[in-house]
Amino acid sequence: MAFMQRKIIFTFLMGLISSTLWAQFGSADVSENSTVARDPVSFSHQPVLLLKFTPTALIGRDNVWQVGAELAPPFGKFSFNFDYGKGKGSSSWNKSQKANHPEQKTSIFRGEIRGYFSDWYPFYALDKKPFGRYYALEFVQKNLEYESNPEVLLYTGATIPGKKNYHVKGVERALNLKFGKHFIVNRFFFVDAFVGIGLGQYSNSPTDAEVEQEKQAFTTKPPVREFNYKGLFLSKTAGIRLCLAL
């Protein structure tokens, strides 16, 4: 029941965002006064702080309630965005994750430095911080806690389930190069859409046993979360943030 409620809420949010963006693009042929009202230069001041909520973080492998803020000082070429989120496996929208690790606890931190197109040659005057398009370099750290019951390898080559659950702590770090854009709905409400790719490193180990970690081959899939694995992975990110501009 709770899953259906979250699904309905998320579907409503996506529909609301889609309709506002469609209305924005569809307004290109309206009167000149309306167009000027949407032009960033018509703002009474440049927003220096954007408060953000990321609804798409609720539907990833690890569902988290993620909030953050972007600090866009009126000087310099860069702005700075930070996000923090927490979630639990029992409320995940991912069926496999919810079934295998309902007890999992997840916390995530994201920090990024952004350069808007208006700050770089030859894109002067196309966009103005924090409006329009941007590049960003993002660091992500995800901390995990979950239970694992490793299989036991018999001398015959067969495996059987272990008799004990171990408490495992895992960490996933990644450095991503991102591209995004702020869609301006009105002077107080933006939609921040982004995609990115990078390189990540993961490491999992039990807290109640001493074991040697097994290094895994580089993977383009999500990191394997087992008893004692570590390795590198291809990091991929995409989503939207809802922004309140101050």
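Residue numbers start at 1 and run along the sequence shown. The figures here come from the full heavy-atom set of this structure, side chains too, leaving out hydrogens, waters and symmetry mates.
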* Asked: Is the shortest heavy-atom distance from the side chain of E112 to the side chain of Y134 under 4.5 Å?
  ->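 Of all side-chain heavy-atom pairs linking Y134 with E112, at least one is under 4.5 Å.
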* Do the side chains of Q104 and K88 get nearer than 4.5 Å, heavy atoms only? ->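 Side-chain contact under 4.5 Å: no.
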Are [Y] and [X] connected into the same hydrophobic cluster when the rule is that any two of I, L, V, M, F, W, Y join if their side-chain heavy atoms are below 4.5 Å apart?
X: L49; Y: L244; result: yes
X: V67; Y: W65; result: yes
X: L199; Y: L234; result: yes
X: L175; Y: I113; result: yes

* **side-chain hydrogen bond (donor to acceptor under 3.5 Å, both in side chains) between N228 and E212, intermediate numbers included** => CA-CA 7 Å; N228 59 335; E212 183 178 353; over 6 Å; no
* To do: May I ask you to check whether Y84 and F109 place their ring centers less than 6.0 Å from one another?
  =>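 No: the rings miss the under 6.0 Å criterion.
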* Is the F117-Y135 ring centre distance short of 6.0 angstrom? ->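 For F117 and Y135, the ring centres are under 6.0 Å apart.
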* Asked: Quick one: does NZ or CZ of R241 land under 6.0 Å from the six-membered ring centre of F194, within 45 degrees of the ring axis?
  ->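 Yes, cation above the ring, under 6.0 Å and within 45°.
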Contact summary for [X] and [Y], nearest pair of heavy atoms:
X: G85; Y: V64; result: C-CB, 4.1 Å
X: V224; Y: Y202; result: O-CE1, 3.5 Å
X: S79; Y: P73; result: CA-CD, 4.5 Å
X: G239; Y: T56; result: CA-OG1, 3.4 Å
X: P206; Y: Y166; result: CB-CB, 4.2 Å
X: K129; Y: A72; result: CG-CB, 4.2 Å

About how many Å separate [atom2] of [Y] and [atom1] of [X], when rounded to the nearest 0.5 Å?
X: L242; Y: T54; atom1: CG; atom2: OG1; result: 8.0 Å
X: E138; Y: S235; atom1: CD; atom2: OG; result: 7.5 Å
X: D192; Y: C243; atom1: CG; atom2: SG; result: 5.0 Å
X: Q213; Y: K230; atom1: CD; atom2: NZ; result: 5.0 Å
X: S107; Y: L144; atom1: OG; atom2: CG; result: 7.5 Å
X: I184; Y: F189; atom1: CD1; atom2: CZ; result: 12.0 Å

Salt-bridge criterion met for [X] and [Y] (N-O under 4.0 Å):
X: E145; Y: K105; answer: no
X: K169; Y: D208; answer: no
X: R225; Y: E172; answer: yes
X: E70; Y: R114; answer: yes

* For the side chain of K236 and the backbone of T220, is there at least one donor-acceptor N/O pair under 3.5 Å apart? ->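 Indeed, once roles are kept as given, a pair shorter than 3.5 Å links the two residues.
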* **With N81 via side-chain hydrogen bond (donor to acceptor under 3.5 Å, both in side chains) - residues at least two apart** =>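 Counting only residues at least two positions away or on another chain, N81 forms a side-chain hydrogen bond (donor to acceptor under 3.5 Å, both in side chains) with K52, D83.
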* To do: Please step through side-chain contact (heavy atoms from CB on, under 4.5 Å) for the pair F190 and F183, ending with a clear verdict.
  => CA-CA 6 Å; F190 299 175; F183 295 91; over 6 Å; no
* To do: Verify side-chain contact (heavy atoms from CB on, under 4.5 Å) between Q66 and R110, making sure each step is shown before the conclusion.
  => CA-CA 10 Å; Q66 182 175 294; R110 296 177 179 270; 3.5 Å; yes
* To do: Any chance you could lay out the ring pair (Phe, Tyr, Trp, His ring centres under 6.0 Å) test for F131 and H182, step after step, and finish with the verdict?
  => CA-CA 6 Å; F131 309 107; H182 278 159; 8.3 Å; no
* To do: Take L246 and L51 through the side-chain contact (heavy atoms from CB on, under 4.5 Å) test and state the conclusion after the steps.
  => CA-CA 8 Å; L246 302 177; L51 303 180; 4.0 Å; yes
* Evaluation steps, side-chain hydrogen bond (donor to acceptor under 3.5 Å, both in side chains), between N63 and S91 -> CA-CA 7 Å; N63 68 301; S91 55; 3.1 Å; yes
* Applying side-chain contact (heavy atoms from CB on, under 4.5 Å), run through R173 and F139 and close with a yes or a no. => CA-CA 7 Å; R173 300 183 181 93; F139 172 77; 4.2 Å; yes
* Test N176 against every option in I197, V140, V195, L137 by the side chain to side chain contact (heavy atoms under 4.5 Å, CB included) rule and name the one that passes. =>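 Among I197, V140, V195, L137, the one that satisfies the side chain to side chain contact (heavy atoms under 4.5 Å, CB included) with N176 is V140.
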* To do: Run the numbers on Q201 and S203 for side-chain hydrogen bond (donor to acceptor under 3.5 Å, both in side chains), then give the verdict.
  => CA-CA 7 Å; Q201 181 268 339; S203 175; 4.8 Å; no
* Asked: Who are the ring-ring contact (aromatic ring centres under 6.0 Å, His included) partners of Y146, not counting sequence neighbours?
  ->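 Residues passing ring-ring contact (aromatic ring centres under 6.0 Å, His included) with Y146: H101.
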* Asked: Considering residues, nucleotides and ligands other than K86, do more than 12 of their heavy atoms fall under 6.0 Å from its NZ?
  ->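 Open: at most 12 neighbouring heavy atoms sit under 6.0 Å from NZ of K86.
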